[in-house]
**Student:** 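One structure is given below, represented as structure tokens, and several questions about it will come after.
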Amino acid sequence: MINQKLNQDINDQISREFNRSARYENMAAFFAKRNLHGLAEFFHKQAEKENASAMQFVNYVLEADGRVEIPLIKRTQYVVRHQKKQFMPQ
């Protein structure tokens with residue numbers, strides 16, 4: 001059985017990984033809508049990596065007979081700052 005504190009810390013990391021994945025997909029959609037498919041694909045691949053990483057943590061907790069808590073994904077909207085052309089969370 002996995003230590004309760006470690007289990008909670010890993011669940012927190014799972015949450016961060018899935019939230020980053022959603023943010024990257026949001027960015028991919030932003031670029032795809034503007035026909036910038038190369039950038040869209042880049043961010044989509046980043047999302048897949050975050051998803052895969054989260055699933056590795058999920059599988060570890062399951063193998064360690066811990067409790068997996070997959071949280072709701074936070075809604076995030078992005079705006080582009082025209083001067084710097086960066087995504088900034090609102």
Side-chain angles (χ1 to χ4, degrees):
M1 183 76 173
I2 191 171
N3 172 292
Q4 191 173 14
K5 166 99 171 80
L6 178 59
N7 195 154
Q8 184 57 51
D9 289 345
I10 293 173
N11 279 325
D12 291 344
Q13 184 63 29
I14 291 168
S15 174
R16 287 188 291 273
E17 302 278 343
F18 280 132
N19 276 288
R20 280 191 290 257
S21 176
R23 288 179 183 159
Y24 283 133
E25 289 293 0
N26 195 2
M27 288 185 245
F30 174 89
F31 287 116
K33 186 172 182 169
R34 286 154 182 82
N35 293 320
L36 298 168
H37 300 293
L39 285 170
E41 183 61 24
F42 171 80
F43 284 108
H44 179 67
K45 286 181 182 178
Q46 296 306 308
E48 287 177 342
K49 289 178 184 179
E50 294 292 340
N51 227 9
S53 179
M55 290 309 301
Q56 286 178 324
F57 282 114
V58 167
N59 290 330
Y60 173 79
V61 172
L62 290 173
E63 289 173 12
D65 200 28
R67 181 176 179 183
V68 175
E69 296 173 3
I70 299 177
L72 295 174
I73 296 175
K74 300 173 191 170
R75 182 173 184 227
T76 305
Q77 292 182 347
Y78 283 86
V79 295
V80 177
R81 289 192 177 171
H82 297 289
Q83 294 139 341
K84 294 183 179 181
K85 302 287 185 190
Q86 292 185 44
F87 279 93
M88 302 298 292
Q90 281 189 336

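Index from 1, following the sequence. Below, all heavy atoms of this structure are taken into account, side chains as well, without hydrogens, waters or symmetry copies.
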**Student:** Walk me through whether Tyr24 and Met27 qualify under side chain to side chain contact (heavy atoms under 4.5 Å, CB included).
**Tutor:** CA-CA 5 Å; Tyr24 283 133; Met27 288 185 245; 3.8 Å; yes

**Student:** Looking only at heavy atoms, which two atoms of Ala40 and Ala32 are closest? And how far apart?
**Tutor:** CB-N, 3.7 Å

**Student:** Will you find, in the side chains of Gln8 and Asp12, an N or O donor that is under 3.5 Å from an N or O acceptor?
**Tutor:** yes

**Student:** Among residues two or more places apart or on two chains, list those pairs meeting salt bridge (charged side-chain N to carboxylate O under 4.0 Å, His left out) that have a residue in residues 52-63.
**Tutor:**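 Sorted result for residues 52-63: empty, none.
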
**Student:** Counting only pairs under 3.5 Å, give me each side-chain donor-acceptor contact of residues 41-50, with atom names and distances, residues two or more places apart or in other chains.
**Tutor:**
unit_1, atom_1, unit_2, atom_2, d
His44, ND1, Glu25, OE1, 3.1
His44, ND1, Glu25, OE2, 2.9
His44, NE2, Glu48, OE2, 3.0
Glu50, OE1, Arg20, NE, 3.2

**Student:** Any chance you could measure Asn26, atom CG, to Arg23, atom CZ, to the nearest 0.5 Å?
**Tutor:** 10.0 Å

**Student:** From Gln13 CD over to Tyr60 OH, what is the distance, rounded to the nearest 0.5 angstrom?
**Tutor:**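 Result: 13.5 Å between the selected atoms.
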
**Student:** Search all heavy atoms of Leu6 against all heavy atoms of Asn3 and return the closest pair with its distance.
**Tutor:** N-OD1, 3.0 Å

**Student:** Looking at CD of Glu17 and CE of Met55, how far apart are the two atoms once the value is rounded to the nearest 0.5 Å?
**Tutor:** 12.0 Å

**Student:** I need the minimum non-hydrogen distance between Val58 and Val68, along with the two atoms involved.
**Tutor:**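 Taking Val58 first and Val68 second, the nearest heavy atoms are O-CG2, 3.8 Å.
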
**Student:** Between the main-chain N or O of Arg67 and the side-chain N or O of Asn11, is there a donor-acceptor pair closer than 3.5 Å?
**Tutor:** yes

**Student:** Could you give the distance from OG (Ser53) to CD1 (Ile14), rounded to the nearest 0.5 Å?
**Tutor:**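 The OG atom of Ser53 sits 9.5 Å away from the CD1 atom of Ile14.
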
